[in-house]
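Report on the structure given below.
All chains are named by letter (A, B, ...) in the order of the sequence lines, taking the proteins before the strands, and each is independently numbered beginning at 1. In what follows, every heavy atom counts, from backbone to side chain, and hydrogens, waters and symmetry copies are set aside.
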2 protein chains.
Amino acid sequence: MVSFDSIREKLKESGIASSVQRVKVLEYLHECKCHPTADRIYGELSKNGLDISLATVYNTLNLFEEKGLIRILSLEGSENRYDIMTHDHGHFICEECGSIMNFEVNLNSSVYLCDESLSDFKVKKRDIYFRGICPECIEKEKGKEK
Amino acid sequence: MVSFDSIREKLKESGIASSVQRVKVLEYLHECKCHPTADRIYGELSKNGLDISLATVYNTLNLFEEKGLIRILSLEGSENRYDIMTHDHGHFICEECGSIMNFEVNLNSSVYLCDESLSDFKVKKRDIYFRGICPECIEKEKGKEK
DNA sequence: GTTCCTGCAAAAGCTTTGCAGAAGA
DNA sequence: TCTTCTGCAAAGCTTTTGCAGGAAC
């Protein structure tokens, strides 16, 4: 559980002025493990009685990304999704149910992932997306086949 | 150099009916190493006298993607880009100049990249994006500092 | 002759922007 | 009080869709 004040503190550390909306958006991203869309964030916060607009959600998310608090996941063919920045991890997208899951990435081996062709490049961010079918949907498929 | 007929053959193999527009789009993707946007493809082909519309470009690209001929790169905050499907490779995006470059990925090590957490998943596609600054822009920066 | 592909224009998202009023320090 | 954040609505872009005419086989 992350307290209101610790979120405010986090914003301050990142050089972002506090506001009710900003705190609530960041709090939601911390608590929701679902890589939400902007619209989802807007919907959930509104539902809980917060006075906020979709435009503010977008502006806030862009600000957070700029300051390095979150990541924007842009998945082909649909809205962007937003992910709280923690340790480095990959994203698995299920083509069947659309859910997005984190998976661990071994950073050491990712350094060796590419050959020397990148030695002259300054790499700042690594995004790794895998797509396929999640265990749950594999089970469902099996059920159908019977 | 890829001939008109060999492109037609390729379409046929993928179960796609031929048309002038489809052949030209695929040909352009083969020859252009630049990961073009749909609009760029439309512009270039029109300029060369082909009668084609932007809607057809999009429809064609989506069809190609469905049939596994190309990949859609969705880069946050801008239009999609399209990449002819060859061997597995990663994409480096320069945050300075926006250019997109391929880099080699060692597939064997990418298998070991993630821990066992993915062992129950059926992985079909792997997309790897690195972001940072390309050698050319690093040089430019150095020039400015002097 | 049939099938289905294309161009056009309009529609449909998602995201950003401008501005006046409100909140925060 | 002064700054700047927010909500609203409108605009901006990219992408998709419907339909009639035309190309492909």
Side-chain angles (χ1 to χ4, degrees), chain A residues 4-5 7-9 11-28 35-43 45-67 69-82 98, chain B residues 4-5 7-12 14-28 35-43 45-67 69-82 98:
Chain A
F4 194 90
D5 279 341
I7 297 270
R8 281 173 70 99
E9 192 56 35
L11 288 176
K12 204 172 163 187
E13 277 169 20
S14 304
I16 300 172
S18 261
S19 80
V20 178
Q21 289 82 358
R22 290 177 178 178
V23 171
K24 286 290 180 184
V25 169
L26 191 53
E27 189 180 55
Y28 183 72
H35 308 87
T37 62
D39 200 60
R40 171 83 186 265
I41 298 171
Y42 168 67
L45 294 180
S46 297
K47 211 173 65 185
N48 291 333
L50 181 66
D51 189 14
I52 193 170
S53 74
L54 186 54
T56 298
V57 172
Y58 275 111
N59 291 335
T60 301
L61 290 168
N62 287 338
L63 180 65
F64 286 175
E65 203 269 336
E66 215 171 278
K67 299 294 186 179
L69 285 174
I70 65 172
R71 272 207 172 189
I72 301 179
L73 311 182
S74 64
L75 311 179
E76 72 193 49
S78 59
E79 305 134 275
N80 286 347
R81 285 166 175 275
Y82 301 86
Chain B
F4 193 90
D5 280 339
I7 297 271
R8 281 173 69 98
E9 193 56 36
K10 199 161 181 174
L11 289 177
K12 204 172 161 188
S14 304
I16 300 172
S18 261
S19 79
V20 179
Q21 290 81 359
R22 291 177 177 178
V23 171
K24 286 291 180 183
V25 169
L26 191 53
E27 188 180 56
Y28 182 72
H35 309 86
T37 61
D39 200 59
R40 171 84 186 266
I41 297 171
Y42 168 67
L45 294 180
S46 298
K47 211 173 67 187
N48 292 333
L50 181 66
D51 189 14
I52 194 170
S53 74
L54 186 53
T56 298
V57 172
Y58 276 111
N59 290 335
T60 301
L61 290 168
N62 286 337
L63 179 66
F64 286 176
E65 203 268 336
E66 215 170 277
K67 298 293 186 180
L69 285 174
I70 64 172
R71 272 209 171 186
I72 301 179
L73 311 181
S74 63
L75 311 178
E76 72 194 49
S78 60
E79 305 134 274
N80 286 347
R81 286 165 174 276
Y82 301 85

Could you report the tightest heavy-atom contact between [X] and [Y], atom names first, then the distance?
| X | Y | value |
| --- | --- | --- |
| B/Ile70 | B/Tyr82 | CD1-CD2, 4.0 Å |
| A/Phe64 | A/Arg22 | CZ-O, 3.5 Å |
| A/His35 | A/Arg81 | O-NH1, 2.7 Å |
| B/Lys10 | B/Leu69 | CE-CD2, 4.2 Å |
| A/Pro36 | A/Tyr28 | CG-CE2, 4.0 Å |
| B/Arg8 | B/Ser18 | CG-OG, 3.6 Å |

What's the separation between atom NZ in A/Lys24 and atom CD1 in A/Ile7, rounded to the nearest 0.5 Å?
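Answer rounded to 0.5 Å: 9.5 Å.
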Taking OH from B/Tyr42 and C1' from D/dT15, how many angstroms apart are they, rounded to a whole number?
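B/Tyr42 atom OH is separated from D/dT15 atom C1' by 15 Å.
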Whole Å only: how far is the CG atom of B/Leu11 from the P atom of D/dA24?
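One finds 13 Å between P of D/dA24 and CG of B/Leu11, rounded.
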Over its full length, what angle do the end axes of the helix from C/dG1-D/dC25 to C/dA25-D/dT1 make, each axis taken from five pairs and the result rounded to 10 degrees?
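Inter-axis angle at the ends, rounded: 40°.
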side-chain contact (heavy atoms from CB on, under 4.5 Å) between A/Leu61 and A/Ile72, intermediate numbers included:
CA-CA 9 Å; A/Leu61 290 168; A/Ile72 301 179; over 6 Å; no
Positional range of nucleotides in DNA chain C within the contact set of chain A, heavy-atom, under 4.0 Å
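So the contact region on DNA chain C extends C/dC14 to C/dA25.
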Looking at A/Glu9 and A/Lys12, does any basic side-chain N land under 4.0 Å from a carboxylate oxygen?
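No.
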Enumerate the protein-to-nucleotides 2-7 of chain D contacts in which both atoms are nitrogen or oxygen and the separation is below 3.5 Å.
from: D/dC5; atom 1: O5'; to: A/Arg22; atom 2: NH1; distance (Å): 3.4
from: D/dC5; atom 1: O5'; to: A/Arg22; atom 2: NH2; distance (Å): 3.0
from: D/dT6; atom 1: OP1; to: A/Ser19; atom 2: OG; distance (Å): 2.6
from: D/dT6; atom 1: O3'; to: A/Gln21; atom 2: NE2; distance (Å): 3.2
from: D/dG7; atom 1: OP1; to: A/Gln21; atom 2: NE2; distance (Å): 3.3
from: D/dG7; atom 1: OP1; to: A/Asp51; atom 2: O; distance (Å): 2.3
from: D/dG7; atom 1: OP1; to: A/Ile52; atom 2: N; distance (Å): 2.9
from: D/dG7; atom 1: OP1; to: A/Ser53; atom 2: N; distance (Å): 3.4
from: D/dG7; atom 1: OP2; to: A/Ser53; atom 2: N; distance (Å): 2.9
from: D/dG7; atom 1: OP2; to: A/Ser53; atom 2: OG; distance (Å): 3.2
from: D/dG7; atom 1: OP2; to: A/Thr56; atom 2: OG1; distance (Å): 2.3

Has B/Asn62 got a side-chain N or O lying under 4.0 Å from the OP1 or OP2 atom of D/dT15?
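No, B/Asn62 has no side-chain N/O under 4.0 Å of OP1/OP2 on D/dT15.
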Do A/Gln21 side-chain atoms and A/Val57 backbone N/O form a donor-acceptor pair below 3.5 Å?
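A pair under 3.5 Å: no.
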